[in-house]
Amino acid sequence: MIDMSSGTKRYTFSTPAAVAWRLAFFGCLWLLLSGGNMASWPFGLGTTLLATWLHMHLPARQPRRLRFASIIRFLPYFIGLSFLSGVDVMRRVLHPRLPIDPALVDYSFIIDHEGGRILLANCVSLLPGTISARFRHDKLLIHSLDKRLPVVETVRDLERRIAALYSAPPAAEGDDP
Amino acid sequence: MTIVELIGTGCVVLGIPFFLSGTIGLLRLPDIYTRLHALTKADNVGLGFIVLGLIIQSSSWLEVIKLLLIWFLVLMASATSCHLVADAALRKKIKPWTREK
(Lines give C-alpha, C1' and ligand atoms only; values in the text may rest on other atoms or scores of the structure.)
Protein backbone atom coordinates (compact mmCIF):
# COMPACT_ATOMS: atom_id res chain seq x y z
CA MET A 1 0.00 0.00 0.00
CA ILE A 2 1.39 3.40 -0.90
CA ASP A 3 0.52 6.45 1.09
CA MET A 4 0.89 9.36 -1.31
CA SER A 5 -0.49 11.97 1.07
CA SER A 6 2.87 13.11 2.40
CA GLY A 7 4.81 14.43 -0.60
CA THR A 8 7.43 11.66 -0.59
CA LYS A 9 6.30 8.13 -1.26
CA ARG A 10 5.97 6.16 1.96
CA TYR A 11 5.31 2.48 1.88
CA THR A 12 3.24 1.01 4.67
CA PHE A 13 2.34 -2.61 5.19
CA SER A 14 -0.81 -2.47 7.22
CA THR A 15 -3.33 -4.53 5.24
CA PRO A 16 -4.52 -7.69 7.09
CA ALA A 17 -2.87 -9.88 4.44
CA ALA A 18 0.44 -8.06 4.86
CA VAL A 19 0.28 -8.51 8.64
CA ALA A 20 -0.57 -12.21 8.24
CA TRP A 21 2.35 -12.76 5.85
CA ARG A 22 4.80 -11.17 8.25
CA LEU A 23 3.43 -13.08 11.23
CA ALA A 24 3.79 -16.32 9.27
CA PHE A 25 7.33 -15.42 8.16
CA PHE A 26 8.63 -14.50 11.63
CA GLY A 27 6.75 -17.46 13.13
CA CYS A 28 8.51 -19.84 10.71
CA LEU A 29 11.84 -18.22 11.57
CA TRP A 30 11.21 -18.95 15.24
CA LEU A 31 10.08 -22.49 14.48
CA LEU A 32 13.33 -23.06 12.61
CA LEU A 33 15.52 -21.60 15.36
CA SER A 34 13.76 -23.34 18.22
CA GLY A 35 13.72 -26.66 16.38
CA GLY A 36 10.01 -27.17 17.09
CA ASN A 37 10.44 -27.07 20.88
CA MET A 38 6.92 -26.31 22.13
CA ALA A 39 8.11 -25.04 25.51
CA SER A 40 9.79 -22.09 23.76
CA TRP A 41 6.57 -20.76 22.25
CA PRO A 42 5.43 -18.35 24.97
CA PHE A 43 8.66 -16.49 24.36
CA GLY A 44 8.57 -17.17 20.63
CA LEU A 45 5.08 -15.74 20.25
CA GLY A 46 6.10 -12.51 21.96
CA THR A 47 9.18 -12.26 19.76
CA THR A 48 7.15 -12.94 16.63
CA LEU A 49 4.62 -10.24 17.50
CA LEU A 50 7.39 -7.77 18.34
CA ALA A 51 9.24 -8.51 15.08
CA THR A 52 6.04 -8.06 13.07
CA TRP A 53 5.22 -4.80 14.84
CA LEU A 54 8.77 -3.47 14.35
CA HIS A 55 8.79 -4.47 10.71
CA MET A 56 5.59 -2.51 10.11
CA HIS A 57 6.67 0.57 12.02
CA LEU A 58 10.27 1.02 10.98
CA PRO A 59 10.54 3.43 8.07
CA ALA A 60 10.65 1.57 4.75
CA ARG A 61 11.30 3.90 1.87
CA GLN A 62 12.32 3.10 -1.68
CA PRO A 63 12.09 -0.67 -1.46
CA ARG A 64 14.23 -2.37 -4.07
CA ARG A 65 14.17 -5.96 -5.15
CA LEU A 66 17.39 -7.92 -4.74
CA ARG A 67 18.53 -10.07 -7.64
CA PHE A 68 19.03 -13.66 -6.60
CA ALA A 69 21.69 -14.48 -9.23
CA SER A 70 23.75 -11.44 -8.19
CA ILE A 71 23.59 -12.47 -4.55
CA ILE A 72 25.00 -15.88 -5.43
CA ARG A 73 27.85 -14.16 -7.25
CA PHE A 74 28.38 -11.70 -4.37
CA LEU A 75 28.59 -14.33 -1.61
CA PRO A 76 32.01 -15.88 -2.40
CA TYR A 77 33.51 -12.39 -2.71
CA PHE A 78 31.95 -11.38 0.60
CA ILE A 79 33.01 -14.55 2.43
CA GLY A 80 36.54 -14.25 1.03
CA LEU A 81 36.85 -10.66 2.24
CA SER A 82 35.48 -11.43 5.72
CA PHE A 83 37.98 -14.24 6.01
CA LEU A 84 40.85 -11.95 4.97
CA SER A 85 39.71 -9.33 7.46
CA GLY A 86 39.74 -11.90 10.26
CA VAL A 87 43.25 -12.98 9.29
CA ASP A 88 44.32 -9.32 9.07
CA VAL A 89 43.07 -8.56 12.60
CA MET A 90 44.69 -11.74 13.91
CA ARG A 91 48.03 -10.83 12.37
CA ARG A 92 47.94 -7.31 13.80
CA VAL A 93 46.91 -8.18 17.36
CA LEU A 94 49.32 -11.12 17.66
CA HIS A 95 52.26 -9.14 16.24
CA PRO A 96 54.58 -8.08 19.11
CA ARG A 97 54.75 -4.47 17.89
CA LEU A 98 50.99 -4.14 17.25
CA PRO A 99 51.23 -2.70 13.71
CA ILE A 100 48.27 -0.31 13.62
CA ASP A 101 48.03 3.33 12.58
CA PRO A 102 44.33 4.26 12.80
CA ALA A 103 42.64 7.16 11.01
CA LEU A 104 39.17 8.39 10.14
CA VAL A 105 38.26 8.46 6.46
CA ASP A 106 35.34 10.32 4.84
CA TYR A 107 33.37 8.50 2.20
CA SER A 108 30.48 9.63 -0.05
CA PHE A 109 27.94 7.14 -1.32
CA ILE A 110 27.16 6.72 -5.02
CA ILE A 111 24.21 4.42 -4.33
CA ASP A 112 21.14 6.62 -3.96
CA HIS A 113 18.78 4.35 -2.02
CA GLU A 114 18.84 3.71 1.68
CA GLY A 115 18.73 -0.09 1.59
CA GLY A 116 21.91 -0.27 -0.47
CA ARG A 117 23.64 2.27 1.75
CA ILE A 118 22.79 0.35 4.91
CA LEU A 119 24.01 -2.89 3.34
CA LEU A 120 27.25 -1.17 2.31
CA ALA A 121 27.76 0.36 5.78
CA ASN A 122 27.34 -3.07 7.33
CA CYS A 123 29.67 -4.77 4.84
CA VAL A 124 32.35 -2.10 5.42
CA SER A 125 32.59 -3.31 9.03
CA LEU A 126 33.53 -6.74 7.72
CA LEU A 127 36.18 -5.55 5.24
CA PRO A 128 39.86 -5.84 6.24
CA GLY A 129 40.78 -2.87 8.45
CA THR A 130 37.61 -0.78 8.24
CA ILE A 131 34.47 -0.21 10.32
CA SER A 132 31.69 2.24 9.54
CA ALA A 133 31.61 4.72 12.41
CA ARG A 134 29.06 7.32 11.38
CA PHE A 135 26.33 7.13 8.76
CA ARG A 136 24.51 10.35 7.87
CA HIS A 137 22.50 10.69 4.65
CA ASP A 138 25.00 10.39 1.79
CA LYS A 139 28.17 10.34 3.92
CA LEU A 140 29.93 7.55 5.73
CA LEU A 141 32.72 8.10 8.22
CA ILE A 142 35.01 5.07 8.23
CA HIS A 143 37.45 4.17 10.97
CA SER A 144 40.49 2.57 9.38
CA LEU A 145 42.94 0.44 11.32
CA ASP A 146 45.80 1.57 9.11
CA LYS A 147 46.26 4.88 7.27
CA ARG A 148 48.08 3.17 4.45
CA LEU A 149 45.12 0.99 3.47
CA PRO A 150 43.43 2.13 0.22
CA VAL A 151 40.10 2.55 2.03
CA VAL A 152 38.18 4.68 -0.50
CA GLU A 153 39.17 2.47 -3.45
CA THR A 154 38.28 -0.74 -1.64
CA VAL A 155 34.91 0.56 -0.44
CA ARG A 156 34.14 1.98 -3.91
CA ASP A 157 34.69 -1.47 -5.41
CA LEU A 158 32.42 -3.01 -2.77
CA GLU A 159 29.79 -0.33 -3.44
CA ARG A 160 29.74 -1.16 -7.19
CA ARG A 161 29.20 -4.82 -6.37
CA ILE A 162 26.41 -3.95 -3.93
CA ALA A 163 24.74 -1.64 -6.47
CA ALA A 164 24.70 -4.59 -8.89
CA LEU A 165 22.71 -6.64 -6.35
CA TYR A 166 19.67 -4.44 -6.84
CA SER A 167 17.44 -4.41 -9.86
CA ALA A 168 16.31 -1.17 -11.53
CA PRO A 169 14.18 1.26 -9.48
CA PRO A 170 10.61 0.01 -9.07
CA ALA A 171 7.73 1.68 -10.90
CA ALA A 172 5.12 3.61 -8.94
CA GLU A 173 3.53 0.33 -7.84
CA GLY A 174 4.42 -0.87 -4.36
CA ASP A 175 7.17 -3.45 -4.31
CA ASP A 176 7.47 -5.99 -1.54
CA PRO A 177 10.88 -5.69 0.09
CA MET B 1 36.51 -41.29 13.35
CA THR B 2 35.24 -40.92 9.79
CA ILE B 3 36.80 -38.51 7.31
CA VAL B 4 33.71 -36.27 7.48
CA GLU B 5 33.95 -36.03 11.26
CA LEU B 6 37.66 -35.30 10.95
CA ILE B 7 37.15 -32.40 8.51
CA GLY B 8 34.20 -31.10 10.53
CA THR B 9 36.13 -31.17 13.78
CA GLY B 10 39.10 -29.56 12.01
CA CYS B 11 36.93 -26.62 10.96
CA VAL B 12 35.57 -26.15 14.48
CA VAL B 13 39.10 -26.23 15.90
CA LEU B 14 40.21 -23.73 13.23
CA GLY B 15 37.59 -21.32 14.56
CA ILE B 16 39.14 -21.18 18.02
CA PRO B 17 42.28 -19.09 17.21
CA PHE B 18 40.04 -16.46 15.60
CA PHE B 19 37.89 -16.13 18.72
CA LEU B 20 41.08 -16.08 20.77
CA SER B 21 42.62 -13.29 18.69
CA GLY B 22 39.38 -11.30 19.04
CA THR B 23 39.84 -11.44 22.78
CA ILE B 24 43.59 -10.72 22.62
CA GLY B 25 42.71 -7.71 20.46
CA LEU B 26 40.24 -6.53 23.07
CA LEU B 27 43.03 -6.60 25.65
CA ARG B 28 45.91 -5.26 23.57
CA LEU B 29 44.34 -2.60 21.34
CA PRO B 30 44.38 1.00 22.61
CA ASP B 31 40.84 2.37 22.21
CA ILE B 32 37.17 1.59 21.68
CA TYR B 33 37.33 1.90 17.86
CA THR B 34 40.28 -0.41 17.34
CA ARG B 35 38.79 -2.94 19.76
CA LEU B 36 35.61 -3.02 17.68
CA HIS B 37 37.71 -4.10 14.70
CA ALA B 38 39.05 -7.09 16.60
CA LEU B 39 35.72 -8.15 18.08
CA THR B 40 33.56 -7.92 14.96
CA LYS B 41 35.97 -9.34 12.41
CA ALA B 42 37.89 -12.02 14.24
CA ASP B 43 34.78 -13.38 15.98
CA ASN B 44 32.83 -13.46 12.71
CA VAL B 45 35.47 -15.63 11.07
CA GLY B 46 35.65 -17.79 14.20
CA LEU B 47 31.90 -18.32 14.12
CA GLY B 48 32.07 -18.95 10.35
CA PHE B 49 34.51 -21.84 10.83
CA ILE B 50 32.52 -23.31 13.71
CA VAL B 51 29.26 -23.14 11.74
CA LEU B 52 31.00 -24.68 8.72
CA GLY B 53 32.39 -27.48 10.85
CA LEU B 54 28.98 -28.22 12.33
CA ILE B 55 27.33 -28.13 8.90
CA ILE B 56 29.78 -30.71 7.58
CA GLN B 57 28.89 -33.02 10.48
CA SER B 58 25.17 -32.29 10.57
CA SER B 59 22.67 -35.03 9.81
CA SER B 60 19.65 -33.12 8.49
CA TRP B 61 18.88 -30.29 6.11
CA LEU B 62 16.83 -28.54 8.75
CA GLU B 63 19.92 -28.38 10.93
CA VAL B 64 21.96 -26.93 8.06
CA ILE B 65 19.39 -24.20 7.42
CA LYS B 66 19.23 -23.43 11.13
CA LEU B 67 23.03 -23.13 11.36
CA LEU B 68 23.19 -20.86 8.28
CA LEU B 69 20.39 -18.75 9.76
CA ILE B 70 22.29 -18.39 13.06
CA TRP B 71 25.44 -17.37 11.18
CA PHE B 72 23.51 -14.82 9.13
CA LEU B 73 21.68 -13.33 12.13
CA VAL B 74 24.88 -13.03 14.18
CA LEU B 75 26.63 -11.42 11.20
CA MET B 76 23.89 -8.82 10.88
CA ALA B 77 23.69 -8.21 14.62
CA SER B 78 27.44 -7.84 15.04
CA ALA B 79 27.85 -5.46 12.06
CA THR B 80 24.93 -3.36 13.29
CA SER B 81 26.03 -3.23 16.92
CA CYS B 82 29.62 -2.49 15.88
CA HIS B 83 28.33 0.52 13.97
CA LEU B 84 26.07 1.64 16.83
CA VAL B 85 28.90 1.45 19.39
CA ALA B 86 31.26 3.40 17.10
CA ASP B 87 28.58 5.99 16.40
CA ALA B 88 27.80 6.40 20.10
CA ALA B 89 31.51 6.80 20.87
CA LEU B 90 31.85 9.55 18.23
CA ARG B 91 28.77 11.29 19.66
CA LYS B 92 30.43 11.26 23.08
CA LYS B 93 33.41 12.89 21.35
CA ILE B 94 35.78 10.08 22.24
CA LYS B 95 38.85 10.81 20.12
CA PRO B 96 40.22 7.88 18.15
CA TRP B 97 43.68 6.85 19.26
CA THR B 98 46.45 7.78 16.81
CA ARG B 99 50.08 6.82 16.59
CA GLU B 100 52.32 9.71 17.61
CA LYS B 101 54.61 11.05 14.93
Side-chain angles (χ1 to χ4, degrees), chain A residues 28-37 51 75 78-105 117-136 140-149, chain B residues 15 17-49 52 60 62-63 65-71 73 75-91 95-101:
Chain A
C28 284
L29 216 58
W30 183 265
L31 190 66
L32 206 58
L33 285 174
S34 66
N37 179 0
L75 270 179
F78 172 77
I79 290 171
L81 272 183
S82 338
F83 173 70
L84 283 181
S85 90
V87 174
D88 176 66
V89 161
M90 190 195 258
R91 180 183 68 81
R92 288 177 199 273
V93 304
L94 295 183
H95 196 286
R97 285 167 52 200
L98 203 64
I100 58 164
D101 192 3
L104 289 169
V105 182
R117 287 177 178 180
I118 292 170
L119 183 59
L120 179 65
N122 275 339
C123 288
V124 162
S125 298
L126 300 164
L127 280 178
T130 56
I131 55 172
S132 55
R134 182 180 281 157
F135 177 10
R136 298 276 182 281
L140 189 67
L141 188 61
I142 297 170
H143 184 268
S144 169
L145 212 45
D146 195 331
K147 274 190 194 119
R148 288 163 303 176
L149 289 173
Chain B
F18 285 97
F19 271 108
L20 192 67
S21 65
T23 308
I24 292 173
L26 183 67
L27 296 172
R28 286 196 73 197
L29 290 168
D31 72 346
I32 187 166
Y33 305 100
T34 47
R35 284 171 180 162
L36 279 173
H37 283 270
L39 285 182
T40 44
K41 287 164 202 170
D43 286 10
N44 276 338
V45 178
L47 179 72
F49 272 116
L52 184 69
S60 75
L62 208 64
E63 224 171 78
I65 294 170
K66 182 172 161 180
L67 284 165
L68 285 175
L69 194 64
I70 290 170
W71 175 72
L73 290 174
L75 213 66
M76 277 212 305
S78 86
T80 307
S81 46
C82 165
H83 169 71
L84 290 177
V85 171
D87 186 75
L90 281 177
R91 254 178 238 233
K95 277 185 75 176
W97 178 90
T98 48
R99 200 171 276 285
E100 300 84 354
K101 293 273 155 63

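Here the structure is a predicted model, which is why all the values come from computation and not from measurement. Naming: A, B, ... by sequence-line order, numbering from 1 per chain.
In terms of heavy-atom pairs under 4.5 Å with chain A, the best-connected choice from B/D31, B/L36, B/L29 is B/L29. When each of B/L90, B/T40, B/I24, B/L75 is scored by its heavy-atom pairs under 4.5 Å with chain A, the top score falls to B/L90. The candidate with the highest count of non-hydrogen atom pairs below 4.5 Å against chain B, out of A/L29, A/L126, A/L33, is A/L33. Across A/G129, A/C123, A/S82, the residue that shares the most heavy-atom pairs under 4.5 angstrom with chain B is A/G129.
Qualifying salt bridge (Lys or Arg N to Asp or Glu O under 4.0 Å) partners for A/R136, counting only residues two or more places apart in sequence or in other chains: B/D87. Partners of B/H83 under the ring-ring contact (aromatic ring centres under 6.0 Å, His included) rule, at least two apart in sequence or in another chain, do not exist in this structure.
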- Determine, step by step, whether A/L127 and B/K41 satisfy the side-chain contact (heavy atoms from CB on, under 4.5 Å) criterion, reporting the C-alpha distance in whole Å, the side-chain angles of both residues, the deciding distance to 0.1 Å, and the verdict. CA-CA 8 Å; A/L127 280 178; B/K41 287 164 202 170; 5.9 Å; no
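Considering only heavy atoms from C-beta on, B/H37 stays 4.5 Å or farther from A/R92 through its side chain.
For B/P17, the parts lying under 4.5 angstrom from a heavy atom of chain A are both the backbone and the side chain. When heavy atoms are compared at a cutoff of 4.5 Å, B/L27 does not approach chain A at all.
Close approach to chain B, defined as a heavy atom under 4.5 Å from one of its heavy atoms, is seen in A/F83, A/S85, A/G86, A/V87, A/V89, A/M90 of residues 83-90 of chain A, taken by number.
Residues B/A86 and A/S132 share a closest heavy-atom pair of CB-O, 4.3 Å. The minimum heavy-atom distance between A/I131 and B/C82, with the atom names listed, is CG2-SG, 3.7 Å. Across all their heavy atoms, B/G25 and A/V93 have their closest contact at CA-CG1, 3.5 Å.
Rounded to the nearest 0.5 Å, atoms OH (B/Y33) and CG (A/L145) are 14.0 Å apart.
Looking only at distances, no side-chain donor or acceptor of B/R99 sits under 3.5 Å from a matching main-chain atom of A/P102.
Listed by first and then second residue, the side-chain hydrogen bond (donor to acceptor under 3.5 Å, both in side chains) pairs involving residues 18-30 of chain B amount to none (not counting sequence neighbours).
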